[in-house]
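Let me begin by presenting the structure, written as C-alpha cells, before commenting on it.
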Amino acid sequence: MSRRNFLKSVGFSTGGLLLSPAMRAAQARNPLQIPERHEGITTNSRVTYSLRAQKGSTEFIPGLQTPTIGINRSYLGPTLILKRGDDVELDVHNALSEKTTLHWHGLHVPAKADGGPAQIIEPGDR
Ligand SMILES: [Cu+2]
C-alpha cells in the first residue's frame, strides 16, 4: 500500500468511525449560527445593553432537543455593537440557577472588569 493510499484509507475510515450517521446528517444540514446584533438602547447619552443569561433548548440534530444556555435566547448570545467613546451600561441578569459570569470578548477593558472570578453574578442577581 502506498503512503497516499494508506493516508486516504485511514482518513476515510477514521471519519466514518467518529461520527454517527445522525451527526453526519446534522453537519450537512445545520446552518452556521450567526448571532444577532444588539445595538443597545440610548437614554440621556448612555447606551444600555440588557443581557439575560438563561436556560433553553436547541435542536442541533433534527428531532433532538439539547439543553443549552444562552444570552437573550436559548443558545449563544448577541453581538454587541458599541461605538468608541460611548458611555455604556452592560446590564447582565443571571436568570440561571447557578453562578455565572461574562467575558467581554473583543472589548479592551481591565482584567478585573472582564468576567471570570472577579465578576461572579449570583443566581437572580444583576
Ligand atoms: Cu475573548
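Read the numbers this way: they start at 1 and go in the same order the structure lists the ligands and their atoms. Keep in mind that the numbers below use all heavy atoms, side chains included, and drop hydrogens, waters and symmetry copies. Computed from a predicted structure; not experimentally measured.
Minimum heavy-atom separation, Pro123 to Leu96: CB-O, 3.4 Å. Taking each heavy atom of Gly115 and Thr101 in turn, the nearest pair found is CA-OG1, 3.2 Å.
For the Cu ion (ligand 1), the nearby protein N/O/S atoms, meaning those under 2.8 Å, are His103 NE2, His105 ND1.
Rounding to the nearest 0.5 Å gives a distance of 6.5 Å between CD of Gln54 and CG of Asn72.
Linking ILVMFWY residues whenever their side-chain heavy atoms come closer than 4.5 Å, directly or via other members, places Val88 and Leu102 in the same cluster.
Residue Tyr49 places its OH atom among more than 12 non-hydrogen atoms of other residues, nucleotides or ligands, all under 6.0 Å distant.
Remark: Ile41 pairs with Thr43 by the side chain to side chain contact (heavy atoms under 4.5 Å, CB included) rule, at least two apart or across chains.
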